[in-house]
Enquirer: 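Structure provided below as structure tokens; questions to follow.
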Amino acid sequence: MRSGEEKSGRWTGIALVLPLLLFLTAMLLYPLMRLSALALHRGLHVDAPMLHALRNSIILSLGVATVSILLCLTPAWALARWPWRLKVALRSALTVPLMFSGVIVGFLTILMLGRVGLIPTLLASLIGIPAGSGAAYGAVGLVVAYLYFEIPRATLALESAFRDIDIEYEAAASTLGARPWSRIRRVILPLTRSAIASTFLLTFSVSLGSYGVALMLSRRFTILPVEIYTAYTGLLDDQRASTMSLMLVAVALMAASLTPLVNRRRV
Amino acid sequence: MRSGEEKSGRWTGIALVLPLLLFLTAMLLYPLMRLSALALHRGLHVDAPMLHALRNSIILSLGVATVSILLCLTPAWALARWPWRLKVALRSALTVPLMFSGVIVGFLTILMLGRVGLIPTLLASLIGIPAGSGAAYGAVGLVVAYLYFEIPRATLALESAFRDIDIEYEAAASTLGARPWSRIRRVILPLTRSAIASTFLLTFSVSLGSYGVALMLSRRFTILPVEIYTAYTGLLDDQRASTMSLMLVAVALMAASLTPLVNRRRV
Amino acid sequence: MNVNVTQLSKRYDGDVVAVDGVDITFPSGQTTVIVGPSGSGKSTLLNLIAGLLLPTTGSIHFGNRDVTRIPPEDRNIGFVFQSYALFPHMTAEENVGFGLLESRLPASQRAEIVESTMRRFGIERLRRRRPGELSGGEKQRVALARALARRPAVLLLDEPLAALDAQLRERLRSELKSIFASLNVTTIHVTHDRSEAMLLGDSVVVMNEGRVLQHDTPQRIYRQPANVFLARFFGDANLIEGHLDATGRHIDTALGSLAVSEPGATAGPVVAVIRPEMLALAPSHPDFTVRVEHAEFLGSRWRVEGISERAGRIIIDLPGDVAIAAGESLPLRLTRDSVHVIAAEDIAIGAHHEPDLTVTRRS
Amino acid sequence: MNVNVTQLSKRYDGDVVAVDGVDITFPSGQTTVIVGPSGSGKSTLLNLIAGLLLPTTGSIHFGNRDVTRIPPEDRNIGFVFQSYALFPHMTAEENVGFGLLESRLPASQRAEIVESTMRRFGIERLRRRRPGELSGGEKQRVALARALARRPAVLLLDEPLAALDAQLRERLRSELKSIFASLNVTTIHVTHDRSEAMLLGDSVVVMNEGRVLQHDTPQRIYRQPANVFLARFFGDANLIEGHLDATGRHIDTALGSLAVSEPGATAGPVVAVIRPEMLALAPSHPDFTVRVEHAEFLGSRWRVEGISERAGRIIIDLPGDVAIAAGESLPLRLTRDSVHVIAAEDIAIGAHHEPDLTVTRRS
């Protein structure tokens, strides 16, 4: 802090940040209180379909997060370490799916897995039966659709974490006799552990909240955000919608509160 | 690149990135071709409501991006420059709205601006008429709802850009006689110009694609993603949905292609 | 214009005292070098003088003007940062001209000043280059030109040579020396490098732990260090314990009775400062003999570490054209008639101060 | 175990030749310092020897074993990085023990080796500390201990002192010297600092632009530099043009006729290398006189730049205890009976090589 304004600085700073604080209060605290009031005003009511949707949401998000991490670790590593020009193009291409609207992602998924989609058509011509037909509308379709935007997100996040690790650590390990697998296990993974965990939480949270895609696809696999939408717009049941919203907020907040924990362990 | 694997490295690297390339092909190229085929198979058909929705989408996104940048510049600057512990808490709080599901954001907006929302109720008790009642369901509601997740996003992106600027540039400018406004104009803004432009494009793209929130709110203000959803699920009109999807993809790709241009100018 | 700092202190959050009640007068038009180990408060002091930090207590005067609470932009200073902090979005020319933008000079006159300043530093060829396209030495010249283009009353430099490699540093050091000589600006230069301090300073301020230990000419600090810290900080020194006699003119040491160069201290235990170059080979009439432990060839000279039976470990500099090997016996004499002594009360200062060697001592 | 590199070249993409057909034998158990300006290819050469880079052509042998294509983990080396590259997620102890994990030693024996290595470097107190909690000097010791714990056949160091500040660097330099002396390991040390090279090397390899200019003892390189680049690189030198006579024993120069220390070169134009410390004050019988332009006090000595009417600019080192001022006239004599000369064909090498001063020359 070298700007000749140390003394007055703190108050100027607070004044500048004040709009942000007001925004957070108005948009975060007040509506959450209203939400709680709505959910509780005739006593908290939680039924089996709600819990079922909650369970589905968590399973789906955990699954998507796990699969994304597993699929993206090595490509991210390769992207971070090899000095190609191609890399820049690839990185730009990855940002494209992130920019697409959920409605388009849903649509693209249906084109892949829907009744006349690529995969069922291919399978039909290969093994004679239209296997997977309609898969777009169940859990499989959801996972594929979510991977559509989670894979680019996870790859970009992991790549930036890997890039932050000085390549000299690997060089040092190899001069100390460590073979490639041992370098990965003893040096690279420990150094990126917290980045991997953060990426997992990020992927999980995004999947948990997504509902635009699900709204187009999920007919057999109920998840919480879609149920909230249905409760509010279809059944006009405010209390039911509020209760499920609080459940979703609670899970999201839990995931959010894990993030700093994970980062603190970083050395 | 110091890992003793230079020669074989390139091919190993390509092999590792291959899954990513396949993913991009399968999920990006093929469905986009299908989309085009669907849109064109009975001849391209664009009507006035489509163009209206497109115009609305672009106006909304530009507006939201502009307002976000204007509102977030100073708080982001303050956050980046002042060394408080509070800052960390504030930064965490900002990530929370980003993690919420669109359906919850929509719900919270209704609680703020809806028929019995905070603002209309306040206005009613202050000036006697329930002004702004129902605002949640028009353009104003959409802007507020979008700001809900765009303000945190823009603040975090700008803050990280501001943090990357060495504070010594400001100190140098002040020892050279530049007063605060001159420092901002001649040093800070030129150095952050590309970061501001990137943030604008990011905010624009996210707003353009969002439809979960709009689906809950936008009854009087038609935007493209919602129209696509309606066309596909309500009217079961594939061609109409495909045509509008292509329009949306085109705008998103245009925004995406501007990003590297903006970044290249960075010194 | 003199620069005066009076009882200046800077206390950071958490009660770290970086600068602790410092009084210094920086003489008008001269170069004063502030030198000290890292953490001695020298950079903090410079930032206080620049106005980039505000002091906790004390005052700063430029001539008669109290600038203690004046922001940097109104102090009329030039500041050269260690990182140079050249604006990356501007060409070398625009950087040099930056300080003139706030002046009310017409553009043509500004361009003229930029042109002549750049010519003076031999960088007119770099006019259109951006900082990213400049080498370390070129950046340094542009930074100096930028700081001086607006003819500041005070020039402040914060380790401007530290970012360069050894050879370039030596060359630019001499260049800085002649630049300072040609300027008539009160210059304050901060460094951790003692040879840089001796070379560049008309006078040198030695700081440690936020305080000023000595402010004097380089020659005086080298020849008559005020305490053990200073004796060790400016070059190596053999510190020979002795006893000052009642006349204050002679000391008894393990190397015999030695004359004192500045008589008059109180009788009692003192320490004589014998620099390595004050000893020479004396095959015929040696004062004492050492056995060579290490001999390091430094080109122009040998740095020899020997053991004297009477006085313990002794460091000696000998000419580089002789042959010296570990184990041999060297007959030595003192080449001076008298030695500088450090009085009893100043021995303690710095006697046990060996930063970063705490570990070896503990083991 | 000798290390041999034969016709070793490294060409990067875009045809940058970093190392250009180098042949060196690094003698078993000795310390060889590779020194050169930045961009001379010295670090690339070290990385090639470590196996962190693969050569474009040529071969590397450790003893009789061809290791040219062997990965670093199978070369049995120890490498100390400039940044130290200590693993930030491990304690000092775990860092030191890292190289033993792949060995088949039982855990207890590994712990013993770690313990004794740490004790040897005086860092057993730091056992549980992480790299973030260590000072620069401590990190350097941990990095050395880590490299040496597995008893490598070859120890490679890449500017291990460059990241430290001047004082600490000097102290650790002497420490490294005694560590190298106590090891019986073939050691290759890379630096850009010529005094570090002279101090630490049993022999010194001077590189420039990817090639080896001279490989010799420090004394020989200082006293008998093979060309002008080397004469200037190792300390300052007055290069006096002269004409070698037919006997090959005397040269005619502007300072008179001088004897040649190694007779036998071909008659014709040569350059005599006269180091600043080879000149001394001679009030009674001066060989020549200079007028003082600059006089810089360096503590133990004065560095004087003078102008001789006959020979132009002359640099002289004089004792620090006299008083010298610009403008005065100094009577000087040469303190050696004979001088080293550089033959005609070697004058050109480096004669116009002044990195980073291109700008001043152009202007």
Side-chain angles (χ1 to χ4, degrees), chain B residues 69 73 76-90 157-200 259-267, chain C residues 12-14 43 46-47 49-53 67 70-91 94-105 129-133 139 142-158 163:
Chain B
I69 295 282
L73 267 177
W77 179 252
L79 265 184
R81 280 300 179 251
W82 273 269
W84 310 324
R85 262 132 282 161
L86 179 67
K87 182 162 86 167
V88 180
L90 213 59
L158 289 173
E159 195 230 338
S160 104
F162 287 150
R163 244 186 307 148
D164 284 348
I165 295 184
D166 197 325
I167 194 151
E168 288 209 331
Y169 295 131
E170 291 173 68
S174 75
T175 63
L176 289 164
R179 280 153 218 295
W181 172 237
S182 164
R183 297 205 287 269
I184 292 173
R185 196 164 57 89
R186 295 194 212 275
V187 178
I188 296 164
L189 285 183
L191 287 177
T192 47
R193 195 185 293 145
S194 74
I196 294 172
S198 307
T199 308
F200 184 90
T259 311
L261 277 182
V262 156
N263 285 328
R264 198 158 37 144
R265 252 181 253 145
R266 192 178 293 194
V267 269
Chain C
Y12 285 111
D13 292 348
S43 282
L46 197 73
N47 282 317
I49 296 170
L52 294 171
L53 289 174
V67 299
I70 304 281
E73 56 262 34
D74 295 324
R75 292 196 183 190
N76 191 21
I77 53 173
F79 199 106
V80 178
F81 292 82
Q82 180 172 350
S83 67
Y84 308 133
L86 296 175
F87 303 123
H89 59 297
M90 297 183 187
T91 61
E94 288 165 347
N95 266 287
V96 173
F98 189 92
L100 301 166
L101 291 176
E102 308 276 305
S103 71
R104 301 242 169 70
L105 297 174
R129 298 234 204 121
R130 289 182 188 253
E133 304 161 324
K139 276 187 198 156
V142 175
L144 258 172
R146 182 177 70 173
L148 289 170
R150 55 198 290 257
R151 313 215 172 145
V154 182
L155 176 63
L156 306 167
L157 302 101
D158 189 5

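Values below: all heavy atoms of this structure, side chains included; hydrogens, waters and symmetry mates excluded. Protein chains get the first letters and strands the later ones, always in sequence-line order, with residue 1 at the start of each.
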Enquirer: Please round to the nearest 0.5 Å and tell me the distance separating atom CD of Glu168(B) and atom CZ of Phe79(C).
Expert: 8.0 Å
Enquirer: Please classify the contact of Arg75(C) with chain B as side chain, backbone, both or neither, using a heavy-atom distance under 4.5 Å.
Expert: neither
Enquirer: Nearest heavy-atom pair of Leu176(B) and Ala147(C): which atoms, and what distance?
Expert: CD2-CA, 4.4 Å
Enquirer: Tell me, please, which residues at least two apart from Arg179(B) pass salt bridge (Lys or Arg N to Asp or Glu O under 4.0 Å).
Expert: Asp74(C)
Enquirer: Is there a side-chain contact between Arg186(B) and Phe98(C) in this structure, where contact means two heavy atoms from C-beta onward sitting under 4.5 Å apart?
Expert: yes
Enquirer: Which atoms of Leu86(C) come close to chain B, meaning under 4.5 Å heavy atom to heavy atom: side chain ones, backbone ones, both, or neither?
Expert: backbone
Enquirer: Quick one: list whatever passes side chain to side chain donor-acceptor pair (under 3.5 Å) with Glu102(C), sequence neighbours left out.
Expert: Ser182(B)
Enquirer: Hey, could you give me the NE2/OH distance between His89(C) and Tyr169(B), rounded to the nearest 0.5 Å?
Expert: 9.5 Å
Enquirer: Does Arg163(B) have more than 12 heavy atoms from other residues, nucleotides or ligands lying within 6.0 Å of its CZ?
Expert: yes
Enquirer: Indicate the atoms forming the closest heavy-atom contact of Ala178(B) with Glu73(C), along with that distance.
Expert: O-CB, 3.7 Å
